[in-house]
Amino acid sequence: MEMTNYLNRQLAGVKASDILNFANFAQQIPNIINFTLGEPDFNTPEHIKQAAIQSIHDDHSHYAPANGTLALRENASTFLANKYQQHYTPDEIIVMQGATEALYTAIVSVLNPGDKVIIPTPTFPLYIADVTVAGGQPVLVNTAATGFKLTPELLAETITREGEAVKMVILNYPSNPTGVVYSPEELKALADVLRDKPIFALCDEIYSELHYDQPHASLSAYLPEQTILVTGVSKSHAMTGWRIGLLCAPQSLINELSKIHQFTITSTATVAQDAAASALGQGKDDALPMRDAYSTRRDYILATLDDLGFITVKPEGAFYIYTKIAPDLEQDDEKFAYDLAERGLVAAVPGSYFGPGGEHYLRLSYATSMAEIKQGMTNLKNYVARQRTE
């Protein structure tokens with residue numbers, strides 16, 4: 001008797017992460033320069049570490065309130081209001097085990113079996129997996145022809161075509177993998193399409209502090225009653241391992257969303273919450289020097305890619321470059337990426353791993369040191385030169 005035959009049937013629609021598989025493959029290659037994972041190379045700021053140490057000395061080793069400590073939720077409320085004009089009271093915020101839990105909680109709480117979720121692609125594959133496990137149907141909308149943005153026209157057409165089963169649209173901006181952002185005008189237009197329809201907007205804004213050319217704007221400002229906001233400190237404060245995310249929504253929704261959180265996590269680690277309270281209070285601008293460093297790294301890579309004939313939409317946020325392979329080189333992005341890793345000693349994720357519209361692209365994370373970036377670009381130049389003469 002094969003017991004795997006008796007697992008949740010939805011798991012059959014979810015496969016292991018191609019991104020992680022590729023990253024694991026690349027890590028086995030000596031001297032490779034790794035541009036695969038979105039892991040900031042900065043250390044957590046000192047005042048945050050000291051807040052955690054003080055929390056330990058103060059014996060904050062017991063359960064925190066299920067929705068999070070009041071200090072963290074108050075600081076998060078103030079941070080979001082002052083930075084982005086996102087107005088959530090502390091009672092409208094749940095502290096999560098990273099943004100990953102926040103996304104899962106929102107999706108599972110909203111969907112009934114068969115409900116449809118509009119997901120613009122290319123996109124981070126986590127959303128597709130969560131929707132599938134929840135019994136929903138991902139509706140993938142290729143945005144390659146519209147600058148990797150979901151336009152109001154595309155959104156309206158998709159809602160009309162898919163019908164009343166559409167219950168959610170997921171927006172990630174600044175975007176992983178493309179780095180694109182939405183302007184206030186673009187978000188207002190999307191809000192107008194969704195307004196007064198029984199459709200939730202799940203907005204993953206974990207990269208909100210990493211905007212380079214314009215202030216961050218949020219759909220929640222224009223459609224607060226239908227928006228579920230996900231954010232956190234992982235990318236802004238180099239705290240990926242602390243696992244602190246935030247789920248924000250109107251009070252009536254928070255009362256329901258908190259149920260999944262309570263019965264799966266109970267509460268997040270108290271020490272990590274005390275650290276995050278310092279991050280969003282004393283460290284409200286901690287991301288600025290990191291952002292400046294990322295901007296310099298981005299521009300260096302973009303100049304190299306442009307010289308090599310790659311075609312790139314300039315990323316305006318996050319720390320990823322999504323670039324189209326030069327037309328005279330191998331166009332199978334997976335084949336190209338594996339060969340580049342083995343023979344060129346550069347690890348860049350195949351663009352097709354992020355869904356329709358990603359074919360022929362590569363994603364490079366520039367959340368690594370400038371020294372590594374310079375060596376990686378030298379390796380890439382040498383690889384491309386060899387390819388063009390073979």
Side-chain angles (χ1 to χ4, degrees), residues 7-15 17 92 94 96 99-143 149-173 175-176 187 190-206 218-220 222-231 245 247-265 354-357:
L7 294 172
N8 182 338
R9 289 189 295 273
Q10 304 302 330
L11 289 176
V14 178
K15 65 176 183 176
S17 171
E92 294 176 318
I94 306 174
M96 293 278 174
T100 302
E101 189 218 340
L103 293 163
Y104 177 81
T105 294
I107 290 168
V108 170
S109 297
V110 167
L111 297 188
N112 289 302
D115 285 346
K116 296 180 179 181
V117 178
I118 297 172
I119 305 175
T121 64
T123 191
F124 191 57
L126 176 147
Y127 312 122
I128 301 170
D130 281 359
V131 169
T132 302
V133 169
Q137 297 181 27
V139 178
L140 306 183
V141 179
N142 185 340
T143 63
K149 294 183 183 182
L150 182 66
T151 63
E153 294 77 16
L154 266 178
L155 178 58
E157 290 169 10
T158 306
I159 291 172
T160 299
R161 182 180 68 247
E162 300 297 333
E164 295 182 356
V166 174
K167 291 297 186 296
M168 177 181 281
V169 57
I170 298 178
L171 297 174
N172 164 226
Y173 54 91
S175 165
N176 175 10
L187 291 169
L190 292 172
D192 287 342
V193 175
L194 294 171
R195 186 170 289 108
D196 298 326
K197 294 182 175 67
I199 299 174
F200 292 92
L202 177 57
C203 294
D204 181 356
E205 301 180 22
I206 193 66
S218 176
L219 187 73
S220 64
Y222 312 111
L223 197 70
E225 65 280 1
Q226 291 171 238
T227 300
I228 300 173
L229 170 67
V230 173
T231 186
L247 183 65
C248 311
Q251 185 69 67
S252 59
L253 294 178
I254 283 292
N255 293 340
E256 298 301 311
L257 294 169
S258 66
K259 295 176 182 177
I260 297 295
H261 171 68
Q262 291 171 11
F263 288 119
T264 53
I265 303 298
F354 300 92

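One-based numbering along the sequence shown. In what follows, every heavy atom counts, from backbone to side chain, and hydrogens, waters and symmetry copies are set aside.
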Point to revise | Full working for side-chain contact (heavy atoms from CB on, under 4.5 Å) between Phe124 and Ser175 | key: CA-CA 9 Å; Phe124 191 57; Ser175 165; over 6 Å; no
Exercise for review: Taking the side chain as every heavy atom from C-beta outward, state whether Tyr127 and Leu202 have any atom pair closer than 4.5 Å.
Suggested key: no
Revision key, fill the gap. Tested for side-chain contact (heavy atoms from CB on, under 4.5 Å) against Pro138, the lone hit among Ile170, Thr132, Ile118, Asp130 is Thr132
Point to revise | Lys15 side chain to Ala12 backbone, donor-acceptor under 3.5 Å | key: no
Check your understanding: Counting distance only, does the side-chain N/O of Gln226 pair as donor-acceptor with the main-chain N or O of Ile199 below 3.5 Å?
Key -> yes
Review point. What distance separates His261 NE2 from Ser109 OG, expressed to the nearest 0.5 Å?
Key: 11.5 Å
**Study point:** Worked verdict on Val166 versus Thr158 for side-chain contact (heavy atoms from CB on, under 4.5 Å)
**Key:** CA-CA 9 Å; Val166 174; Thr158 306; 5.9 Å; no
Revision key, fill the gap. In this structure, CD1 of Ile260 is separated from OG1 of Thr105 (nearest 0.5 Å) by 6.5 Å
Practice item. Give the C-alpha distance, both sets of side-chain angles, the deciding distance and a yes or no for side-chain contact (heavy atoms from CB on, under 4.5 Å) between Leu229 and Glu205. Key: CA-CA 7 Å; Leu229 170 67; Glu205 301 180 22; 3.3 Å; yes
Revision key, fill the gap. One should read off an interatomic distance between Leu150 CG and Ile119 CD1, to the nearest 0.5 angstrom, of 11.5 Å
Exercise for review: Could you tell me which non-hydrogen atom of Met96 sits nearest to which non-hydrogen atom of Leu247, and how far apart they are?
Suggested key: CE-CD2, 3.3 Å
Review point. Nearest heavy-atom pair of Ala134 and Leu111: which atoms, and what distance?
Key: CB-CD1, 4.1 Å
Check your understanding: Counting distance only, does the side-chain N/O of Asn172 pair as donor-acceptor with the main-chain N or O of Asp204 below 3.5 Å?
Key -> yes
Study note, to complete from the structure: Separation between OH (Tyr104) and OG1 (Thr264), nearest 0.5 Å, reads 7.5 Å
Exercise for review: For Pro250 and Pro224, work out which heavy atoms get closest and say how close.
Suggested key: CG-O, 3.4 Å
Practice item. Spell out, as yes or no, whether a donor-acceptor pair under 3.5 Å connects the side chain of Glu162 to the backbone of Val139. Key: no
Review point. Which is it for Lys149 and Thr143 under the side-chain contact (heavy atoms from CB on, under 4.5 Å) test, yes or no, and what are the steps along the way?
Key: CA-CA 6 Å; Lys149 294 183 183 182; Thr143 63; 5.7 Å; no
**Study point:** Which atom of Ala106 lies closest to which atom of Leu257, heavy atoms considered
**Key:** CA-CD2, 4.1 Å
Review point. Is there side-chain contact between Asp192 and Tyr222, with at least one heavy-atom pair below 4.5 Å?
Key: no
Review point. So do the side chains of Leu171 and Leu190 get within less than 4.5 Å of each other, counting heavy atoms only?
Key: yes
Exercise for review: Would you check if Val117 and Ile107 make a side-chain contact, meaning some heavy-atom pair closer than 4.5 Å?
Suggested key: no
Review point. When rounded to the nearest 0.5 angstrom, what distance separates CD in Glu225 from CG in Leu223?
Key: 5.0 Å
Point to revise | Gln251 backbone acceptor or donor facing Glu92 side chain under 3.5 Å | key: yes
Check your understanding: Which heavy-atom pair separates Lys167 from Val110 by the least distance, and what is that distance?
Key -> O-CG1, 4.2 Å
Check your understanding: Closest approach of Thr121 and Pro356, non-hydrogen atoms and distance?
Key -> OG1-O, 2.7 Å
Check your understanding: Does CD in Gln262 sit with more than 12 non-hydrogen atoms of other residues, nucleotides or ligands closer than 6.0 Å?
Key -> yes
